[in-house]
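To start, the structure itself, in structure tokens.
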Amino acid sequence: GISPTAESFLDLLRSVSVDLNHDTSLLIDIPDALCERDKVKFTVHTKTTLSSFQKPDFSVPRQHEDFIWLHDTLVETEEYAGLIIPPAPPKPDFEGPREKMHKLGEGEATMTKEEYTKMKQELEAEYLAVFKKTVQVHEIFLQRLSSHPILSKDRNFQIFLEYDQDVSCKEKECKGNVWRFLQNMVKSADEFLISGVKQEKTFLLDYYSKIKDSTAKAEKMTRSHQNIAEDYIRISSTLNSISADDSTANKKHLEKLSDLFEKLRKVEGRVASDQELKLTELLRYYMRDIQAAKDLLYRRARSLADYENSNKALDKARLKGKDVPQAEENQQHCLQKFDKLSESGKKELTNFKGRRVMAFRKNLIEMAELEIKHAKNNATLLQGCIDLINNN
Amino acid sequence: MFHGQISTSVSSEGRKSHNPLSFMSNGRNPLTTVEGLYFLNICRLILLDLIVVNLLTPTLTEHIFSSLALPKSKSLFFFFFKLSNEARTPLILPSLLLQTSLSVFRLQDFSVKRRFSDFLGLHSKLASKYLHIGCIVPPAPRRALWVRVKVGKEDQSSNEFVEKRRCALERYLMRTVKHPVLLKDPDLLQFLESPELARAVSTQALSGAGLMRMMNKAADAVNKMTIRMNESDTWFEEKQQHFENLDLQLRKLHGSIESLVCHRKELSLNTCQFARSAAMLGNSEDHTALSRALSQLAEVEEKMEALHNEQANQDFSLLSELVGDYVRLLSAIKAVFEHRVKTWQKWQDTQILLQKKREAEAKLQITNKPDKLQQAKDEIKELELKVSQGERDFEQISKTIRKEVTRFEKERVKDFKETIVKYLETLLHSQQQMIKYWEAFLPEAKAIS
């Protein structure tokens, strides 16, 4: 079966992003995935009642790069400039647990078999947790798209879901374009951010840096909890060895203490993973989401710049008396684009705020409840051990 | 101030017996006796390198009285050390407090000042007197080489250092005084009561660590000798093996606990940093209720930081120090076992010498050298005495060690049980606080709309 830590991850990012998958006309999930060395192969399964798809129920294999391709393609699409494109799922990162496995292998000689087995179990659970996390993040990304009124109808999205040949050939060229595109955005957008969109942008920039900092600090807290859990394993194991060799009344005391530390470390491990889930993942997700919102503002700022340029061009044209109708048309076009972006942008940002507040509420409540649960658990274990030792 | 009389079985010779309670046995008001004044004389001299310790041990009193054969019900005896941060240097003020059921102690404040090096000096004296006869002399705390207490500075780290030292000295003194043989030692009694103590010379060499090194070297030297002892008593073999294993395990445990202390301190620090970050995030948040909730979260995490820090201190002072003390005690036990081997060796050597002399004498019997023969006979007589003395010594030390080890194991059980329970109670308290804090936060989180 699945270890308790992994099971709790099944609840993962569903809690982070709310209001998904209400519309049953297009249902997407990732029912399983394979991990080969560095590559993760996701099985993307689609169930749909829409006629735009060839089949009502089908699955395709996809890799991480394919998701990135889809994301970047959507970002690049001019029509969606006024939308918050859901943030791309982060690359699967098994470096952490893999490095620890390596270290454990090297240090095998210095610990008892029991200790080694326990630490290996912990690491395997961690590995599995990372795996589950990455599956969920990719799934959420697709579900955000499928529940969006406009993005769900995107042709590229459909290709991604349906095309059963290799899509990754598109990847490399798109990547380069998008990167250059964004770079340009940053350069020109910054100047225009002073005018007009300052308030929203300042808020997001400030919030982004703060949330990024909080994410990093939360990660460190989790790391410390994991370290303590590991110390408890070693202490428990050594106490066990000492008690085995003891023939006095100490034996029972040490056995009980050893047993207690073993139980405490499990709780400590859950504290760490729950904190990760409810706090750190929440912060991480919204950090990425804010980045996506920022991108929207960049695009809006750029369209404003385009509009202002078109105005200048029109004036010039009128002065020279040449190409006035084209200039007028261009100006109108830019104005419309800017208006459209502003309108949909406002809606998106309002939804974004609502989503964020609800997600924080849900996760903070759940985190507090879990902390209470674990502390109560610990208290019971401790009181039990104290009573046992005292009554001996 | 007397509410009654004290009757003890201590000799009424008063001054003659070197018993700190002797002046009380004649029923007079202690304040008027010379010894009483002697005790009252609190030295106001301020000396460098002194540390103040604070200690109150009711359990100790019981033990001391059973050793001195005084009726428990009649008197209480405290060792009391007063902590003082006055003046520019930290001071040691161990105070001997005598309290009878007559509650006289409030008037009398017997205190003597001792330097850290005095404790080391005491230990070296006791070790030199009692280790070789098989008594497990508790090792003194080590001199921490890395910190010099800064004179006049009231910072966190120097306070922590003073406190750690105080606790270590307290535990050391308690263990020493609990030992029935050591308690009767005149050097120990002088240490406890004499207002001024001759400064221990060259305590560098006598520092706890130094002494450990010496003992370990002696132990190694014995091991390196090719002559192995014929162990006729399996008890010793088993015990030695047991202690060697225990030593390894305890060192390992100590390492893991030190790691735990370190990680918990890190957790405290990381929690503090997160709390600050969350507070800033709360400030940036424009949704009012969420902003408030984030600020509250920051406050909870600040409280958690304090909890974690406190717990790390308990991890250290209760768990780590306990295991550390026992690692050092095991070194003393090792030394004592080695002394037994040395004693056996000495006995064997004397026997071999006797044998040689007997052979020589036999040869001399044939030759006609009456002087040399007589000399040989005398030497043989002397050696025969030495041999039986050697045998007695060996039997004595073996007997003593058995008693000592039994006492040690009994003490260990009590010590461990007490400390473990104390430690678990700190963990329990910590968790209960956490429950309180998070339960207070929950409504704040729910209030977000």
Side-chain angles (χ1 to χ4, degrees), chain A residues 203 206-207 209-211 213-218 220-225 227-228 230-232 234-235 237-239 241-242 245-250 253-254 257 260 264 279 283 353 356-358 360-361 363-365 367-369 371-372 374-379 382-383 385-386 389-390 392, chain B residues 242 245-246 249-250 252-253 255-257 259-260 262-264 266-271 273-278 280-281 283-287 289-290 293-294 297 300-301 308 409-410 412-413 416-417 420-421 424-425 427-428 430-435 437-439 441-442 444-446 448-449:
Chain A
F203 165 72
D206 183 45
Y207 200 79
S209 75
K210 301 265 164 67
I211 206 173
D213 186 57
S214 293
T215 309
K217 303 279 156 68
K220 279 167 92 171
M221 270 203 305
T222 307
R223 185 78 219 116
S224 287
H225 279 294
N227 285 339
I228 290 174
E230 280 169 25
D231 287 326
Y232 281 173
R234 284 193 212 102
I235 290 172
S237 161
T238 313
L239 285 171
S241 308
I242 297 175
D245 208 19
D246 197 303
S247 51
T248 66
N250 231 0
H253 298 160
L254 294 177
L257 194 62
L260 174 70
L264 287 179
L279 190 62
L283 295 170
K353 181 165 166 178
R356 188 181 82 240
V357 172
M358 277 306 114
F360 267 77
R361 177 179 192 275
N363 281 278
L364 287 177
I365 292 174
M367 184 174 83
E369 288 173 345
E371 291 271 356
I372 293 168
H374 293 317
K376 282 190 173 158
N377 201 0
N378 273 341
L382 287 162
Q383 188 64 61
C385 191
I386 292 170
I389 293 180
N390 271 336
N392 217 28
Chain B
H242 167 69
N245 289 342
L246 186 60
Q249 295 297 336
L250 282 180
K252 194 167 168 215
L253 185 64
S256 302
I257 296 174
S259 175
L260 175 66
C262 180
H263 287 144
R264 229 197 274 277
E266 267 176 27
L267 176 62
S268 173
L269 187 66
N270 290 338
T271 307
Q273 289 182 341
F274 175 74
R276 290 205 196 120
S277 187
M280 304 239 305
L281 188 64
N283 283 342
S284 286
E285 177 61 59
D286 59 351
H287 186 275
L290 179 56
L294 286 171
L297 178 67
V300 172
E301 294 290 1
H308 291 311
E409 293 192 321
K410 213 168 119 198
R412 178 160 69 111
V413 173
F416 268 65
K417 179 174 168 172
I420 287 172
V421 170
L424 292 181
E425 284 175 348
L427 277 178
L428 178 61
S430 187
Q431 296 298 315
Q432 286 166 337
Q433 289 298 102
M434 281 187 206
I435 294 171
Y437 297 149
W438 287 108
E439 280 182 340
F441 172 73
L442 203 49
E444 288 294 337
K446 290 188 171 157
I448 306 171
S449 58

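Residue numbering restarts at 1 for every chain, and letters A, B, ... go by the order of the sequence lines. Atoms considered below: every heavy atom in the structure, side chains included; atoms not considered: hydrogens, waters and symmetry mates.
For the ring-ring contact (aromatic ring centres under 6.0 Å, His included) test, no residue two or more places apart in sequence or in another chain qualifies with B:Y437. With sequence neighbours excluded, the residues satisfying salt bridge (Lys or Arg N to Asp or Glu O under 4.0 Å) with A:R356 are B:E285, B:D286.
Of the inter-residue distances, the one linking B:E409 atom CD with A:S247 atom OG reads 6.0 Å to the nearest 0.5 angstrom. Taken from CD1 in A:I372 to CD in B:E439, the straight-line distance is 4.5 Å, to the nearest 0.5 Å. Atoms OG and CZ, on B:S259 and A:R234 in that order, are 6.0 Å from each other to the nearest 0.5 Å. Interatomic distance, CD of B:E425 versus SG of A:C385, reported as 11.0 Å (0.5 Å rounding). Separation of atoms NE2 (B:H263) and CD1 (A:I228) is listed at 8.0 Å; rounding is to 0.5 Å. Annotation: the span from A:S214 atom OG to B:R276 atom CZ amounts to 13.0 Å, rounded to 0.5 Å.
Contacts with chain A were tallied for B:N270, B:L269, B:N283, B:T271; B:N270 has the most, counting heavy-atom pairs under 4.5 Å. Residue with the most contacts toward chain B among A:I242, A:V357, A:T248: A:V357 (heavy-atom pairs, distance under 4.5 Å). Interface remark: of the candidates A:N377, A:L364, A:L254, A:N227, A:N227 forms the most heavy-atom pairs closer than 4.5 Å to chain B. Of the residues considered (A:L264, A:D213, A:L239), A:D213 shows the highest number of contacts with chain B, using heavy-atom pairs under 4.5 Å.
Counted by atom type alone, B:S256 and A:D231 present zero donor-acceptor pairs between their side chains at under 3.5 Å. A:K217 and B:S277 form no side-chain donor-acceptor contact under 3.5 Å, judged by distance and modelled atom types alone.
Both the backbone and the side chain of A:I211 come within contact range of chain B, judged by heavy atoms closer than 4.5 Å. Looking at A:N390, both its backbone and its side chain come within 4.5 Å of chain B, counting heavy atoms on both sides. For a residue to count as touching a neighbouring chain, one of its non-hydrogen atoms must lie under 4.5 Å from one of that chain's; by this rule B:I420 touches chain A with the side chain only. Heavy-atom distances place both the backbone and the side chain of A:E369 under 4.5 Å from chain B.
The pair A:D246-B:R412 counts as a salt bridge, with a side-chain nitrogen and a carboxylate oxygen less than 4.0 angstrom apart. Look at B:E444 and A:R361 and you find no salt bridge, because none of the NZ, NE, NH1 or NH2 atoms lies under 4.0 Å from a carboxylate O.
Taking each heavy atom of A:A368 and B:F441 in turn, the nearest pair found is CB-CD2, 3.9 Å.
When side chains are defined from C-beta on, A:M221 does not count as touching B:Q273, because their heavy atoms never get closer than 4.5 Å. Looking at B:L281 and A:L283, their side chains come closer than 4.5 Å, going by heavy atoms from C-beta outward. Side-chain atoms of A:F360 and B:L294, non-hydrogen and from C-beta on, do get closer than 4.5 Å to each other.
Atom CE of A:M367 has more than 12 neighbouring heavy atoms from other residues, nucleotides or ligands inside a 6.0 Å radius.
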ask   = Under the side chain to side chain contact (heavy atoms under 4.5 Å, CB included) criterion, do B:L424 and A:L260 qualify, and how do the steps go?
value = CA-CA 10 Å; B:L424 292 181; A:L260 174 70; 3.3 Å; yes
task = Run the numbers on A:N250 and B:K417 for side chain to side chain contact (heavy atoms under 4.5 Å, CB included), then give the verdict.
result = CA-CA 8 Å; A:N250 231 0; B:K417 179 174 168 172; over 6 Å; no
inquiry  = Using side chain to side chain contact (heavy atoms under 4.5 Å, CB included), reason through A:I235 and B:I257 one step at a time and then give a plain yes or no.
reply    = CA-CA 7 Å; A:I235 290 172; B:I257 296 174; 4.0 Å; yes
